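Keep in mind it's a predicted model, so treat the numbers as computed, not measured.
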Amino acid sequence: NDIEIARNGFRAAELLARKPDLIALVSREPERLDPVFAWERQLAEAEGFRREYELAQVYANDFAYNLWVFERAGGAR
């Protein structure tokens, strides 16, 4: 629910430039990141995402998705 994204569309580089502490992505698989939505795939494949963020937790469930939570590298847990 971001007014800039609503107005201008999603851009991974702009989101990463904000340096959020946490990023949550929905994955089809609990064992590997397989983003459900196109914007999530764009973010996961963006330059710097894997370098700047590390996996903090995977919340696996029996539903159609699994929640992958990443935190900014060096961030406090």
Side-chain angles (χ1 to χ4, degrees):
N1 297 342
D2 184 287
I3 193 70
E4 292 300 318
I5 292 172
R7 289 182 179 157
N8 303 315
F10 177 77
R11 291 176 187 83
E14 289 179 11
L15 185 134
L16 292 173
R18 294 179 186 183
K19 299 183 179 189
D21 292 330
L22 298 172
I23 294 177
L25 302 177
V26 176
S27 176
R28 291 177 184 89
E29 303 291 330
E31 299 86 15
R32 66 179 181 87
L33 182 59
D34 182 16
V36 172
F37 303 104
W39 71 267
E40 292 177 314
R41 184 169 304 283
Q42 179 187 354
L43 181 57
E45 294 173 353
E47 182 177 334
F49 177 75
R50 294 290 184 170
R51 181 180 64 246
E52 296 172 20
Y53 288 85
E54 53 194 29
L55 184 61
Q57 182 74 40
V58 175
Y59 296 94
N61 61 55
D62 294 332
F63 302 109
Y65 68 90
N66 302 277
L67 188 63
W68 285 52
V69 179
F70 295 84
E71 71 175 346
R72 194 156 30 102
R77 286 191 185 175

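When side chains are defined from C-beta on, Asp2 does not count as touching Glu14, because their heavy atoms never get closer than 4.5 Å. Leu33 is listed as a side-chain neighbour of Phe70, based on a closest heavy-atom distance under 4.5 Å.
Note that OH of Tyr53 and CG of Leu22 are 8.5 Å apart. Values are rounded to the nearest 0.5 Å. Rounding to the nearest 0.5 Å gives a distance of 13.5 Å between CG of Leu25 and OH of Tyr65. One finds the CD atom of Glu54 at 5.5 Å from the CD atom of Glu71 (value rounded to the nearest 0.5 Å).
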Do any side-chain atoms of residues 4-13 form donor-acceptor pairs under 3.5 angstrom with protein atoms, and if so which ones, sequence neighbours left out?
from, atom 1, to, atom 2, distance (Å)
Glu4, OE1, Asn8, ND2, 3.1
Asn8, ND2, Glu4, O, 3.4
Arg11, NH1, Asn8, O, 2.9
Arg11, NH2, Asn8, O, 3.2

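Identified under the side-chain hydrogen bond (donor to acceptor under 3.5 Å, both in side chains) test for residues 40-49, with sequence neighbours left out: Asp34-Arg41.
Residues meeting the side chain to side chain contact (heavy atoms under 4.5 Å, CB included) test with Leu67, sequence neighbours left out: Ala24, Val26, Tyr59, Val69.
Although no hydrogens or angles enter the test, the distance criterion places no donor-acceptor pair under 3.5 Å between the side chain of Asn61 and the main chain of Asn66.
What you find for Trp68 and Pro30 is that their closest heavy atoms are CZ2-O, 3.4 Å.
When the shell of 6.0 Å around CZ of Phe49 is examined, it contains more than 12 heavy atoms from other residues, nucleotides or ligands.
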